[in-house]
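One structure below.
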Amino acid sequence: MDPANTPLGKMLLEEITPVIMVLNTPLVEEACLKNGFSFIQMLSPFCSFNNIDVPVRTASDQPYRIKKFSSRLFYGSDIRQPNLEASKDRLKQVITQASEKDISELCSDPPQLKDVINSFESAILPSWFHLFNKELIRNVSFSEHEAFDHPVACLLVVSSRDDHPINKLSDLFNTSKLPSLLNDGTMDPKIMKHYLLLHDNQDGSSEKASKMLAEMRSTFGSNDCQLLCINSSHDGHIERQDDPWSLFKPDASIGKQLGCFLSNEDLIEIRELMQELSSKHIIPYMEQKIRELNQQVSATRKGFRNQIKNLWWRKGKDDAVDSPNGPTYTYNSIESQIRVLGDYAFLLRDYELALSNYRLISTDYKLDKAWKRYAGVQEMMGLAYFLLDQSRKEAEYCMENAFNTYLKMGPSGHLNATRCGLWSAEMLKAREQYREAAAVYFRICNEEPLHSAVMLEQASYCYLLSKPPLIRKYGFHLVLSGDRYKRMDQINHAIRTYRNAIAVFKGTEWSHIKDHVHFHIGQWYASLGLYDVAVTQMLEILDCNHQSKATQELFLKDFLKIIQKAGKTVKVLKLPLPKINISSLKVIFEDHRTYASTTAANVRESLWRSLEEDMIPSLSSGRTNWLELQSKIMSKKFKESSICVAGEPVKVDIVFKNPLQIPISISSVSLICDLSSKSDETESGTNNIIGGVQKNTEFKWSSDWDMGSDNTSYTLSEVHLSLEENEEKVVQLTVTPKIEGILQIVGIRWKLSDSVLGFHNFIDNPGQKNIAKGRQKAKCSLADNLKFVVIKSLPKLEGSILSLPQVAYAGDLQRPVLELKNQSKFSVKNLKMKISQSRFLKIGNQESTNKDFPACLEKPNNREQGVHPIPSTTPNDTFLFPQDTFIQGGTPLLLPLWFRAAVPGNISLYVSIYYEMEDVSNIMRYRILRLHYNIQVLPSLDLSFQINPCPSRLHEFLVRMDIINKTSSEIFQIHQLSSIGQSWELSLLQPVDTIFPSRALMPSQALSCFFVLKNINTSFSSEKKVSSVPVLLASDLKLGPQSSDEQLFDTASFPLAAFHYSERVYQATSNQDPNTVDFMLITRPLKNTTDPGISESSSLFSHHVCHCSTSSNSPIWWLLEGPRSSYHDFSTSFSEINLKMTIYNSSNSTASIRIKTSDSASTSEGNETAPQSPNSANLTGWHYASLTQDIKVTSDVLGTQIGKSSSLESVSPFIWSGTSSTTVQIEPKSMAEAPLQICIFSPGIYDLSNYILQWELLPTAGSENMETTTSSGTSRGYPHYLTVLQST
């Protein structure tokens, strides 16, 4: 790295150069102003030389050559410390001019972060930074403690028109006209003087000037006087390829061509003048001055003796008062001489000589507490180290020491600290220490906002250029800089910095700072009248759900205010308010499938297909369907398109969400569509619409509110809605095509707050399709799913189920009506219907509509109970309408239905109605109407039955019914109980008033009651089999008051019989028992208003319990028959009583039965023949019954009584006088009788249950599968009480 070629090295070559003081007469300026500039402005472009090649020898004997050399020209009146206010104005002017040049870039797209990172430093940094830094450095020029700004020469200029030029030249260097630095002793007034005579060729020939030059040379010396002739061009039209003043536009030159009277010869003469002045006068003079000063310094300060002497002399100054400026040094003091020596050596690039003298004087200034001079010397030492490319640490230390010393001085040192900081930052940047340079820029930010803004922006670029780039710091400092630019009304610069920061925060989660940047950029663009760019920025902050409610209101309010100021309509593509959930997009259209409601359209297609597969007729070819048929008729291009019918709407459901905490108003929501007729089956129309919207990638302005919906080929719906905070709403939009052709749904449009028209494209890339690889089927793109082939109008069946409840209690039976309409003049025919849940819904007949409900279900009085078959259906449960059924012209067809809420839960009913149309279309021959209803079924009554054989009669059973009302508010009346099965008869065990005193079952009430069930079938043949479709024989039992007029309901007829058959199917078990009975309980609800959510239209409930088994664990039934009471005179003899036992074998195998009796006294002995306890295995039936009726007893009362009787009697009161063991064999399903006898010895009440039946099922010959459930067992006797009294 060559330090001289770095930005800092170039800056030092421009700013730390010899100063030439110019003293001239007014006529000199007058001659130069003809060209639009002053004398110094005319000479300044020629003060820099890149190839001067001058040999230089300073203190050493080894000369070196200077290739580049520059000098600075200043009027004598300008050699003073700059005015701070004027300096601020110049700085502001530099920034303002830069912003005016960059205004065209503000409307362009901001740079991408990736491109910025990969760019060079020169391409990133604004070019005006260099000018701004130079102005800052010039704010501290001509300081008394620095000599490189002191003039090394004085150029005295007179005009050839001046009278007495010799006197004028003498008067120009008068002390009254010299700078104050020369008069107060800070600078050496003995400087080199050079005299120049300026001649304006427009004033005449140069003969007079030549005479004056000769006079000047005779007075001031021939080498120090020169003649310069200018304005050789008289017409003022000079064209130059290279304008020397292109980079320098003085204020006086506005509207003028610079150097218009200067010919090319004049320019050559000016360049030669300045080159000769530099190479032959200034450089030699400075060489001589350096050598003289070096000799003086060497004689007085160098060497060990002089150093000790200097330290001893300065030792007494340690107690001096510490002041910022320290003591005053005149130009002839040794300290000033050393500083001039170092600065002259620096100007002539002898940096080693300069560094040695800076080191020498640095200690003196520190001991003298001359802190400003000390900091200045440290600053120059750091620059000398840098240019020598030696000791980076020493250079950084010197610059840091100088910077801190300037700051300690307070306000008087801030400007010098700023210059030191700029040089230090450039030094670090030259060594690629960008992070440290950024810290320096941040430190030199002062309270002046404009100055701080520029420093912060330069710091941000240093963070960007760091390795690796510090992106967050880069963006953060840009925002800080832009904020300060805004404070000083530098809007353009504020926008520029914020635009660069956008690339940093884009794609990050720093949402708050992103919103801050976009919001303020939008406001600033609007203040400049750039409303299009302002709207673009404001669009980025509308979706700000992370902000507070107040901030959201502010953002939306300012956005709408900008739109209002623009005075035009803005159409925005992908307007962020509200949020459009594309994933929720759902298209509902009707081809051969039509829907009665939106809920029906939301059902899975696979479910409908499984329901309808038996209804749709098969075509001639097994692989041909209606879609393939239509593809043969239509163009090949639209084979994959969906079908819709003209005049029927295509619905689009999409979710709108308000992400804000404030309500927003959305109006005029509609679809964007394109419909081309069949004659124009090209994609040009669709692509044009899509392309037209897509070209406006952000938005465009318009002068009207044209929504684009005025199209005669289709009709669009419009929706208006208001979204509360964080609210989501599903919006359904429709487009109804009127003609045949190709319909393409492109997108959606809406108005936000009646100010902004938003668009959203469903199709981002209209020409792109998803194509699968290999043999897989190609995926349909969204564009394909939104493209429809519109065919001509067809008849359409509309239908609904009237009076179908949404909420019902389990068992509720109602009679809704199916209403079908066809508005078309063309009729529909060959109707079929299929219901998914036949357990809940049955199809009625027209006759039932003529009677009131539920009176139509009552059993006629004049009809005997018999068999009534269930209405027949097709093998696939499809209901066929009569062949003469036609629907057209809007005349409704009413079909009664029966609904029963079978089980609690959320029930979905699916109904499909197939119908065919007249020869209207060759593409579509049939259509299907789909209906869907959701019904919530609540629990009502919990019903259960227990069946046990009756101990006192064969083929009779005791039935226990348990009911629980599980509702919280409903009251039910028990109306009717029916038994349905194979010849069963149900009867009361107790009067109704005893069982149901109030006839009402209150909420949460439980009830148990008993009935007698009798099998009235006299045939017990083993050949009897159970039919797969049982004949429904019903035995109805009225549970209400017998005197009331309420009629029984016909449970053996439709629809109760049909619903019961469905319940039998759904309640069927895997092990089918042939000995079963079904029960149906019918109740009526009492009117109740405590729960208004439940419909009170229902007035009948039916509850079904199926497959209740009457079988027991034992296949043997028996009955002991005999007298219950007897009179006998025991004084003469004992009493003999004959008994008979009837035994029935209910199994399908031959049974061997052994009857074993035992006397009463033996029961207490516990021998092996004693009756077993009720808990013994293989014992069935009832264990104890009272003397009057057979009821179920759950406790072991019998065993207790037997124990007591045995303890009271020591002698048996009776004995079995017959055989103690009798064995019989009974065929399957047959009965046998066995005689028994007892002898009673004393009067009393006797329990004749002390016997047992041991049974065994014998295998049938040739049978492999015999009954193995219970092959043998023992049953104890039933209680049989006999009362014997003493006769008189």
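Residue numbers start at 1 and run along the sequence shown.
At least one donor-acceptor pair closer than 3.5 Å links the side chain of Ser584 to the backbone N or O of Val655. Judged purely by atom type and a 3.5 angstrom limit, Gln1067 uses its side chain to pair as donor or acceptor with the backbone of Cys1106. With hydrogens and angles disregarded, a donor-acceptor distance shorter than 3.5 Å links the side chain of Asn965 to the backbone of Leu1001. Judged purely by atom type and a 3.5 angstrom limit, Thr594 uses its side chain to pair as donor or acceptor with the backbone of Ile928. Listed for the Tyr915 side chain is a donor-acceptor partner under 3.5 Å among the backbone atoms of Leu797.
Taking each heavy atom of Pro1279 and Asp1247 in turn, the nearest pair found is CA-OD1, 3.5 Å. Considering every non-hydrogen atom in both Thr1076 and Trp984, the closest pair reads O-NE1, 3.3 Å. Looking at every heavy atom in both residues, Phe1011 comes nearest to Leu986 through CB-CD1, 3.9 Å. In plain terms, the two heavy atoms of Leu1086 and Ala1000 that are nearest each other are CD1-CB, 4.5 Å. Considering all non-hydrogen atoms of both residues, Lys1038 and Leu1048 come closest at CB-CD2, 3.6 Å. Smallest separation of non-hydrogen atoms from Tyr809 and Ser940: CB-CB, 3.9 Å.
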Verdict with supporting geometry, Ser1109 and His1107, side chain to side chain donor-acceptor pair (under 3.5 Å): CA-CA 6 Å; Ser1109 177; His1107 309 292; over 6 Å; no

Check against side chain to side chain donor-acceptor pair (under 3.5 Å), Asn906 and Gln936: CA-CA 5 Å; Asn906 294 321; Gln936 183 182 8; 4.6 Å; no

Chi angles and distances behind the side-chain contact (heavy atoms from CB on, under 4.5 Å) call for Val603, Trp608: CA-CA 8 Å; Val603 178; Trp608 288 118; 3.3 Å; yes

Verdict with reasoning, Phe1049 to Leu1100, per side-chain contact (heavy atoms from CB on, under 4.5 Å): CA-CA 10 Å; Phe1049 293 102; Leu1100 191 68; 3.6 Å; yes

From CA spacing to verdict: salt bridge (charged side-chain N to carboxylate O under 4.0 Å, His left out), Glu613, Arg609: CA-CA 6 Å; Glu613 59 183 356; Arg609 288 180 180 177; over 6 Å; no

Steps toward side-chain contact (heavy atoms from CB on, under 4.5 Å) verdict (His975, Leu1039): CA-CA 5 Å; His975 180 77; Leu1039 300 181; over 6 Å; no

Derivation and outcome, side-chain contact (heavy atoms from CB on, under 4.5 Å), residues Met833 and Leu895: CA-CA 11 Å; Met833 181 167 66; Leu895 179 66; 3.7 Å; yes

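Using a 4.5 Å heavy-atom threshold, the side chains of Lys842 and Ser1062 count as touching. Between Ser978 and Gln976 there is a side-chain heavy-atom pair separated by less than 4.5 Å. For the pair Trp1118/Ser1275, a side-chain contact is recorded, criterion being any heavy-atom separation below 4.5 Å from C-beta on. You'll find the side chain of Leu897 reaches within 4.5 Å of the side chain of Ile801, heavy atoms only. Side-chain contact between Phe881 and Leu820 is present, with heavy atoms from C-beta onward closer than 4.5 Å. Using a 4.5 Å heavy-atom threshold, the side chains of Ile1245 and Leu1282 count as separate. A heavy-atom distance below 4.5 Å is not found between the side chains of Ser912 and Lys832. The closest side-chain heavy-atom distance from Ser1035 to Ser979 is below 4.5 Å.
By the 4.0 Å N-to-carboxylate-O rule, Glu612 lies close enough to Arg930 to be salt-bridged with it. A salt bridge is defined here as a Lys NZ or Arg NE, NH1 or NH2 lying under 4.0 Å from an Asp or Glu carboxylate O, and Asp962 with Arg960 meets this definition. Arg900 has no carboxylate O lying under 4.0 Å from a charged side-chain N of Asp812, or vice versa, which leaves the two without a salt bridge.
Atom SG of Cys1108 sits about 12.0 Å away from atom CE of Met961, to the nearest 0.5 Å. Distance check: Trp1255 CH2 to Ile1116 CD1 gives 7.0 Å after rounding to the nearest 0.5 Å. One distance of note links CD1 of Ile913 with CD of Glu798; it measures 12.0 Å at 0.5 Å rounding. Atom CG of Leu938 sits about 13.0 Å away from atom NZ of Lys966, to the nearest 0.5 Å. Rounding to the nearest 0.5 angstrom, the gap separating the CZ atom in Arg1064 from the CD1 atom in Ile980 is 9.0 Å. Between the CG atom of Leu857 and the CD atom of Gln1047 there is a distance of 13.0 Å, given to the nearest 0.5 Å.
Annotation for Gln806: atom CD does not count as buried by contact number, only 12 or fewer foreign heavy atoms lying within 6.0 Å. Within a 6.0 Å radius of NZ in Lys729, other residues, nucleotides and ligands contribute more than 12 heavy atoms.
Ring geometry for Phe853 versus Trp898: interplanar angle of 30 to 60°, hence tilted. Classified by interplanar angle (parallel below 30°, tilted 30° to 60°, perpendicular above 60°), the ring pair Phe1101/His1103 is parallel.
For His1060 and Asp1078, the side-chain atoms include at least one donor-acceptor pair closer than 3.5 Å. Between the side chains of Thr967 and Ser969, no donor-acceptor pair is found at a separation under 3.5 Å. Counted by atom type alone, Ser1053 and Lys859 present zero donor-acceptor pairs between their side chains at under 3.5 Å. Side-chain atoms of Glu985 and Ser987 include no donor-acceptor pair closer than 3.5 Å. One side chain, Thr1051 or Asp1036, offers a donor N or O that lies under 3.5 Å from an acceptor on the other.
Ring centers of Tyr1061 and Phe1059: at least 6.0 Å apart, outside the cut-off.
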